[in-house]
Asks: 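The structure is given below, and queries will be raised subsequently.
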Amino acid sequence: MREILISVAGLTPQIITETLYHLTQVRKPPATISEVWVITTTAGKQKAERELLHPRHGHFFQFCREYDIDAKKILFGHEQIVVVRNKDGQPLGDVRTPEDNAALADFVTTFVRKKALNPDIALHCSVAGGRKTMGLYLGLALQLYGRPHDTLSHVLVSPPELESDPAFYYPPNQSKRITVKGRKLHTSQIRVELAEIPILKLRGKLPALDTGEVPYSDLVRRAQQDYALLNTPPQAVVDTRALSLLVNGRRIRLSPLETAVYVLFAEARRSSCGKTGCPGCTKCTFAASDFLGEEGVTRVRQALRSLKAKDARLEELRGWGAREPTDPEKRFREVRSRLNRKIQRGLSGETWPALYTIASLRPPDADRVRYGIRLDPRLLSIR
Ligand SMILES: [Zn+2]
């Protein structure tokens, strides 16, 4: 299996040689790195090219010569030092604005997604260099797209004085005495370690991750929705006595009319086709027209009567149904949006309020919108 190093870098290109040193000289068994990729800014690219890739003084080539590695067998040149580009395709000099930051997220995510398409390469991702967000996005991208054999790590050098020493790139092969910030030490005392960062691997678990190139923020939002559906959501109880909906220990108070309408939808869902992801069949759902005319009004009135709350004014159901000729569905839509607002507000902060609202669904073979509760009918009860 080919192994490639992907590193984010700012103005400290030494983290690349340090990481290579660990992977090829310290790690057991040593890694055979066949490509090195650096994600950076324009300033970072200039510095990395100057410090690492100069044919004679470049520390990458010096490192390879010193440790008897055939540099020709490692694909690492100017093209492998890639500069983050904004959405207009302009290279970034630095990450200064929220737009730059969003561009960075998209760029790093796309980069890792593409590299992880090839099952025959293992990715070693290093978060040591660059701005904090660069390393963070590299880690997050690997969390979304990494395979079991991909790793995320951070290089650590001791003694700590060396970390900020611009002249240090890797421990020399032949040990010698050096002075760093006034401190004398023997290079055999230098330790270069890789702290591996364990991450969740979500690849293959969430359908959102199988899509092509989408902005990072959209990707996370979609993956979050997928994730919510993977878990069994809490039960919902329509409490007809106390005129409320109970979900996950939260009580959402409803008016008598809202309770009656919700009960109608809950009954339909409970006596339904039983499919968890019903697209909106005629058993589970209603059309707005089902609440119109004599039949529709009677349906609502009966549901109201069965509630324990008695309210004579409601018996009239003023404004409901066909009595408003300009927009006969208006009253239903008003009640529905009030109900949904209360549910959304009552369940704010949770990941699944949409399962409890009266959702508008567009079944594949129907020409009109239908309305229904999407929650699994086994999780829905009325008392
Ligand atoms: Zn159904």
Side-chain angles (χ1 to χ4, degrees), residues 205-208 210 221-240 243-248 250 252 254 257-307 320-321 328-344 346-347 350-383:
K205 304 288 188 288
L206 304 172
D210 296 333
R221 189 174 43 75
R222 290 190 206 175
Q224 186 71 61
Q225 284 170 355
D226 289 347
Y227 177 73
L229 293 175
L230 284 181
N231 296 284
T232 306
Q235 297 191 5
V237 179
V238 191
D239 186 343
T240 56
L243 299 178
S244 46
L245 179 65
L246 297 167
V247 180
N248 209 23
R250 299 195 185 189
I252 300 154
L254 306 173
L257 185 58
E258 288 158 1
T259 311
V261 169
Y262 201 86
V263 164
L264 285 173
F265 277 98
E267 280 172 346
R269 185 69 178 126
R270 275 165 49 80
S271 60
S272 69
C273 66
K275 282 186 210 153
T276 306
C278 170
C281 76
T282 49
K283 276 187 179 170
C284 303
T285 61
F286 289 111
S289 57
D290 291 333
F291 296 98
L292 303 182
E294 257 327 291
E295 204 186 325
V297 174
T298 307
R299 194 194 299 274
V300 180
R301 187 173 288 138
Q302 276 173 356
L304 263 171
R305 279 191 189 141
S306 68
L307 299 180
W320 187 271
E329 294 176 2
K330 192 171 159 221
R331 189 77 176 115
F332 166 69
R333 289 209 313 267
E334 280 171 1
V335 174
R336 171 181 171 250
S337 42
R338 236 179 18 235
L339 245 173
N340 285 355
R341 263 201 308 277
K342 285 187 182 178
I343 293 168
Q344 293 280 3
L347 300 179
E350 308 279 9
T351 47
W352 25 248
L355 291 176
Y356 301 87
T357 56
I358 296 173
S360 70
L361 304 159
R362 207 172 258 287
D365 48 357
D367 51 351
R368 300 212 63 185
V369 171
R370 298 190 64 84
Y371 297 95
I373 298 170
R374 292 199 299 178
L375 187 68
D376 187 320
R378 287 164 297 186
L379 299 172
L380 190 55
S381 59
I382 303 168
R383 71 172 186 220

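Below, each value reflects all heavy atoms present in this structure, side chains not excepted, and no hydrogens, waters or symmetry copies. Residues take their numbers from the sequence shown, with the count starting at 1. All figures in this text were calculated on a predicted structure; none of them were measured in a lab. Just follow the structure's listing: the first ligand is 1, and inside any ligand the first atom is 1.
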Asks: Is there side-chain contact between Phe265 and Val238, with heavy atoms separated by less than 4.5 Å?
Replies: no
Asks: Considering non-hydrogen atoms only, spot the tightest contact between Pro353 and Leu347 and give its length.
Replies: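 For Pro353 versus Leu347, the nearest heavy atoms are CG-O, 3.7 Å.
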Asks: Taking side chain to side chain donor-acceptor pair (under 3.5 Å) as the test, write out the residues that go with Asp290, two or more places apart.
Replies: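 Applying side chain to side chain donor-acceptor pair (under 3.5 Å) to Asp290 gives none.
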Asks: With sequence neighbours excluded, give me every ring-ring contact (aromatic ring centres under 6.0 Å, His included) pair touching residues 361-383.
Replies: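 For residues 361-383: Phe332-Tyr371.
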Asks: For a quick test of your reading: what N or O donor-acceptor pairs under 3.5 Å do the side chains of residues 372-380 make, sequence neighbours left out?
Replies:
{"from": "Asp376", "atom 1": "OD1", "to": "Arg378", "atom 2": "N", "distance (Å)": "2.9"}
{"from": "Asp376", "atom 1": "OD1", "to": "Arg378", "atom 2": "NE", "distance (Å)": "3.0"}
{"from": "Asp376", "atom 1": "OD2", "to": "Thr276", "atom 2": "OG1", "distance (Å)": "3.4"}
{"from": "Asp376", "atom 1": "OD2", "to": "Arg378", "atom 2": "NE", "distance (Å)": "3.4"}
{"from": "Asp376", "atom 1": "OD2", "to": "Arg378", "atom 2": "NH2", "distance (Å)": "2.6"}

Asks: How many N, O or S atoms of the protein are nearer than 2.8 Å to the Zn ion (ligand 1)?
Replies: 4
Asks: Taking the basic N atoms (NZ, or NE/NH1/NH2) and the acidic carboxylate oxygens, is any pair closer than 4.0 Å for Glu334 and Lys330?
Replies: yes
